> 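Below is one structure. I have some questions about it.
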2 protein chains.
Amino acid sequence: MSGSQNTSMTIGSLAKAAEINVETIRYYQRLGLMTEPEKPLGGIRRYDEDALARLRFIRRARWLGFSLEEIGELLKLEDGTHCDEAKALGERKLGNVRDKIRSLQQIEGVLDQLVEECCTQKDNVTCPLIASLHEGFEAVTP
Amino acid sequence: MSGSQNTSMTIGSLAKAAEINVETIRYYQRLGLMTEPEKPLGGIRRYDEDALARLRFIRRARWLGFSLEEIGELLKLEDGTHCDEAKALGERKLGNVRDKIRSLQQIEGVLDQLVEECCTQKDNVTCPLIASLHEGFEAVTP
DNA sequence: CTTATCTCCGTAGTCGACTACGGAGTCAAG
DNA sequence: CTTGACTCCGTAGTCGACTACGGAGATAAG
């Protein structure tokens, strides 16, 4: 919705915009995560905002520990897969994502407490990180 | 705090308990993520619950997309690093974790909506995944 | 028209994180 | 005291995810 003029980039400017190596984009194309746009008669391919959004999504998802294969599945959800199939997949992925959130929140809690208490306590040499981990850490999936 | 009898395992049973390959444990030891316990005079090393908790933590953190190097830093927080140093590190890591949580929550929201709406809408062929991504996805770090 | 800077595409190399191998030593059960 | 399963330890191989290379063609600026 917001104003964008530069629909249509070369792979180079796309790479710069997404902060991803050109070679990596080409690698993703080979894997089928990105589609190669048509090449105009021995010319140079052009990319649009969708390609950019997709790349950013991939980058973010990688950062969150999803494999390229899993990311492929996530992306299939927005490409016209058959609906019920997509729904099932989406639900699985959603569970996955929620597990990760829960795990991260546990780590967050522990870290937060750690930072709080860190310099307050003097006698307890071992910080309470692992101790806390013992308790709350059997619940979630990995 | 809870009752545990089997303090003292061999590397094999430790591996089984943590659901991690023996070789992987040895690899972590080489990297310094796990310490090798003393070997009793040409005998066999023994591991305790702490080692197990540590391994589980590593596994979980890996699953959440942290590199072994980052995990090393997280673990340093509970080994007696100097406090202010640890605190700074902890705060950085905390920010990191919170970014991940936020990212995952965005994905969660999008996936959730997707699953909801998936079979309801008929005319809109492209599911709203990427569309939503466009909007909310500039905020967080990766 | 030239020159610099891309793009294209295939192939090869790197890096992090494992995973396997193999031979010598250890231990527990029978 | 043997046998089978396991440990120890060094080295080597694999796999996923990039990253680099190099030569031929395209395009834009001067």
Side-chain angles (χ1 to χ4, degrees), chain A residues 5-48 51-52 54-75 96 142, chain B residues 6-48 51-52 54-76 96 142:
Chain A
Q5 66 296 56
N6 61 339
T7 285
S8 175
M9 308 164 257
T10 65
I11 198 171
S13 38
L14 176 65
K16 200 162 292 173
E19 294 173 274
I20 284 183
N21 199 316
V22 170
E23 310 295 332
T24 305
I25 296 175
R26 294 181 42 65
Y27 173 62
Y28 290 163
Q29 290 173 338
R30 260 172 274 147
L31 293 188
L33 292 180
M34 303 286 294
T35 56
E36 269 190 297
E38 287 300 307
K39 191 170 75 165
L41 297 147
I44 280 178
R45 295 175 215 281
R46 299 253 141 202
Y47 298 83
D48 58 9
L52 179 54
R54 206 170 166 97
L55 274 179
R56 286 188 171 142
F57 176 75
I58 294 174
R59 201 160 77 95
R60 175 177 303 266
R62 284 281 307 128
W63 177 66
L64 291 167
F66 293 97
S67 69
L68 291 182
E69 197 180 334
E70 290 172 311
I71 292 170
E73 300 201 324
L74 282 169
L75 285 171
N96 203 273
Chain B
N6 62 339
T7 284
S8 178
M9 306 165 259
T10 65
I11 198 171
S13 39
L14 176 65
K16 199 162 292 174
E19 294 174 273
I20 285 183
N21 198 316
V22 170
E23 310 295 333
T24 306
I25 297 175
R26 292 182 42 65
Y27 173 62
Y28 290 164
Q29 290 173 339
R30 260 172 272 148
L31 294 188
L33 292 180
M34 303 286 294
T35 55
E36 269 189 300
E38 289 298 308
K39 191 168 74 163
L41 297 147
I44 281 177
R45 295 176 213 283
R46 298 254 143 201
Y47 299 82
D48 58 11
L52 179 55
R54 207 170 165 97
L55 273 179
R56 287 190 170 139
F57 176 75
I58 295 174
R59 203 160 76 94
R60 175 176 303 266
R62 283 282 306 130
W63 178 66
L64 291 167
F66 293 98
S67 68
L68 291 182
E69 196 178 336
E70 291 173 311
I71 293 170
E73 300 201 323
L74 283 169
L75 286 171
K76 252 193 289 183
N96 203 275

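Predicted, not measured: the structure shown is a model, and the values here were computed from it. Letters A, B, ... mirror the listed sequences (proteins, then strands); counts begin at 1. Every heavy atom of this structure was used, including side-chain atoms; hydrogens, water molecules and symmetry mates were not.
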> When the distance from CZ of B:Arg59 to C1' of C:dA17 is rounded to whole Å, what number comes out?
15 Å

> On DNA chain D, nearest-nucleotide positions of A:Arg46 versus A:Leu31: which is more 5'?
A:Leu31

> May I ask you to say what B:Arg26 touches in the nucleic acid, namely base, sugar-phosphate or nothing, with a heavy-atom cut-off under 4.0 Å?
base

> B:Lys16 has an atom NZ; how far is it from atom C1' of D:dC6, in whole Å?
10 Å

> A:Met9 CE to D:dA28 C1': how many Å, rounded?
20 Å

> Looking at A:Pro37 and A:Arg46, what are the two nearest heavy atoms and their distance?
CG-O, 3.2 Å

> Rounding to a whole Å, what distance do you find between B:Ile25:CD1 and C:dA20:P?
14 Å

> Between A:Arg45 and A:Tyr47, which heavy-atom pair has the shortest distance, and what is it?
CD-OH, 3.9 Å

> So which one's nearest nucleotide on DNA chain C is more toward 5', B:Leu68 or B:Ile44?
B:Leu68

> Across the strands shown, which category fits B:Glu36 at heavy-atom distances under 4.0 angstrom: base, sugar-phosphate, nothing?
sugar-phosphate

> It should be established whether A:Tyr28 places a side-chain nitrogen or oxygen under 4.0 Å from OP1 or OP2 of nucleotide D:dC18.
yes

> Compare every heavy atom of B:Ile20 with every heavy atom of B:Arg59, then report the nearest pair and how far apart it is.
CD-CG1, 3.5 Å

> Tell me the interatomic distance from B:Arg30, atom CZ, to C:dA20, atom P, rounded to whole angstroms.
14 Å

> Could you pull out the closest heavy-atom pair between A:Leu33 and A:Arg54, with the gap in Å?
O-NE, 2.9 Å

> When you measure from the side-chain N and O atoms of A:Asn21 to the phosphate of D:dA20, is any distance below 4.0 Å, counting only OP1 and OP2?
yes

> Quick one: is C:dT7 close enough that its OP1 or OP2 comes under 4.0 Å of any side-chain N or O from A:Thr10?
yes

> Please state how far atom CD1 in B:Ile11 lies from atom P in C:dC27, giving the value in whole angstrom units.
16 Å

> List the atom of B:Gly12, the atom of B:Val22, and the distance in Å for their closest heavy-atom pair.
CA-CG2, 4.1 Å

> Return no unless some side-chain N or O of B:Lys39 is found under 4.0 Å from OP1 or OP2 of D:dC9.
yes

> Please compare A:Glu23 and B:Gly43 by the position of their nearest nucleotide in DNA chain D and report the one closer to 5'.
B:Gly43

> Does A:Thr24 place a side-chain N or O at less than 4.0 Å from the phosphate oxygens OP1/OP2 of D:dC18?
no

> What is the distance, to the nearest angstrom, from the CH2 atom on A:Trp63 to the P atom on D:dA17?
18 Å

> Which whole-number value in Å describes the distance from A:Arg62 CZ to C:dG16 P?
14 Å

